[in-house]
There are 2 protein chains.
Amino acid sequence: MSYEDAIAATMTALADPTRRDIIQRLRSGPLPVGAIAAPMPISRPAVSQHLRVLSDAGLLTVTPAGNRRLYAIAPDGVDRLRQYLDDLWDDALAAFARAAEDQAKGKSDE
Amino acid sequence: MSYEDAIAATMTALADPTRRDIIQRLRSGPLPVGAIAAPMPISRPAVSQHLRVLSDAGLLTVTPAGNRRLYAIAPDGVDRLRQYLDDLWDDALAAFARAAEDQAKGKSDE
DNA sequence: ACTTACCGTAAGTCATCGCTTACCATTTGT
DNA sequence: ACAAATGGTAAGCGATGACTTACGGTAAGT
């Protein structure tokens with residue numbers, strides 16, 4: 001999986017409100033599928049499908065614990081997206097400063 | 001627009017590969033619509049629609065310049081998502097550490 | 001051994017989204 | 001004033017995605 005594909009998968013995974021909801025429920029710690037799905041307005045299989053997407057994106061880890069499967073937020077996956085945005089942020093600021101300079105120069109010619 | 005809605009719009013906007021492509025082309029500085037669309041494999045109206053989504057999400061700013069419209073990356077929009085991920089990162093690390101502790105405790109009972 | 005609990009997968013349906021073509025408005029140049 | 005350039009909007013179409021029900025498979029309790 002290339003870097004761009006990984007970013008794409010992570011972005012797509014977090015774009016869905018239901019999946020962000022799941023992430024919220026895991027912020028305080030790992031949970032089995034049933035505990036995640038119980039308070040949610042959708043069926044358990046739907047949650048399973050979302051968990052699959054989040055896992056494939058590297059945002060969650062799965063730990064089989066006997067009968068159940070514990071899902072937890074994977075710090076690595078979050079960090080990858082964080083670094084992408086940090087880079088973007090740097091370029092955006094630089095371009096912003098450059099645009100401000102150009103505008104100042106342009107003003108002096110008027 | 002609530003905070004959660006803003007995050008949702010930003011995530012959704014960046015989830016599309018074409019829109020990330022547009023963002024890439026703007027990393028070096030502002031561009032008019034035509035210059036953005038020219039090297040891309042889709043039509044100009046399609047690009048316009050994507051620019052609309054990105055602007056609504058607060059990721060781009062528009063500056064009418066006579067005949068043309070200059071689009072530029074909005075650092076504020078990027079920063080909002082960055083902070084969201086920073087918070088998530090903090091919680092993920094804390095939960096990870098807590099899970100490791102719990103596991104250590106559990107081990108001692110076996 | 002049998003039943004119950006937990007969970008992933010498959011198939012099908014419905015809504016959403018991205019793209020195209022066609023059209024219109026505004027601005028620049030002659 | 002007229003023609004060309006720039007770009008946003010509308011309608012329609014095809015594809016992707018999220019959800020449901022139904023099913024199978026493994027682990028735990030009796």
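Every chain is numbered from 1, with letters handed out A, B, ... down the list of sequences.
- Between chain A and DNA chain D, the heavy-atom contact criterion of under 4.0 Å yields a 5' to 3' nucleotide range of dA18(D) to dA28(D).
- The salt bridge (charged side-chain N to carboxylate O under 4.0 Å, His left out) test applied to Asp86(B) returns Arg82(A), not counting sequence neighbours.
- The side chain to side chain donor-acceptor pair (under 3.5 Å) test applied to Asp56(A) returns Arg52(A), not counting sequence neighbours.
- In terms of the side chain to side chain donor-acceptor pair (under 3.5 Å) criterion, Arg20(A) has no residue partners (sequence neighbours excluded).
- For the segment residues 4-12 of chain B, no residue has any heavy atom less than 4.0 angstrom from an atom of DNA chain C.
- Scanning residues 18-29 of chain B for heavy-atom distances under 4.0 Å to DNA chain C yields Thr18(B), Arg19(B).
- Using a 4.5 Å cut-off between side-chain heavy atoms of Ile, Leu, Val, Met, Phe, Trp and Tyr, with links allowed through other members, Val62(B) and Leu51(B) fall into the same hydrophobic cluster.
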At a cut-off of 3.5 Å, list every protein nitrogen or oxygen paired with a nitrogen or oxygen from nucleotides 22-30 of chain C, distance to 0.1 Å.
unit_1, atom_1, unit_2, atom_2, d
dT27(C), O3', Asn67(B), N, 3.4

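- Considering only side-chain N and O atoms, Tyr71(A) lies nowhere under 4.0 angstrom from the phosphate OP1 or OP2 of dC6(C).
- Residues Val33(B) and Val53(B) do not share a hydrophobic cluster, clusters being chains of Ile/Leu/Val/Met/Phe/Trp/Tyr side chains in contact below 4.5 Å.
- In this structure, the separation between CG on Leu81(A) and CG on Leu14(A) is 6.5 Å, given to the nearest 0.5 Å.
- Applying the salt bridge (charged side-chain N to carboxylate O under 4.0 Å, His left out) test to residues at least two apart or on different chains, none of the pairs has a partner in residues 40-49 of chain B.
- If you check residues 47-64 of chain B against DNA chain C, the residues with a heavy atom closer than 4.0 Å are Gln49(B), His50(B), listed by number.
- Applying the salt bridge (charged side-chain N to carboxylate O under 4.0 Å, His left out) test to Asp90(B) and every residue at least two apart in sequence or in another chain returns nothing.
- Side-chain atoms of Arg69(B) do not come within 3.5 Å of backbone N or O of Pro64(B) as any donor-acceptor pair.
- Partners of Asp87(B) by salt bridge (charged side-chain N to carboxylate O under 4.0 Å, His left out), not counting sequence neighbours: none found.
- Residues Ile36(A) and Met40(A) have side chains in contact (heavy-atom distance under 4.5 Å, counting atoms from C-beta outward).
- Qualifying salt bridge (charged side-chain N to carboxylate O under 4.0 Å, His left out) partners for Arg27(A), counting only residues two or more places apart in sequence or in other chains: Asp91(B).
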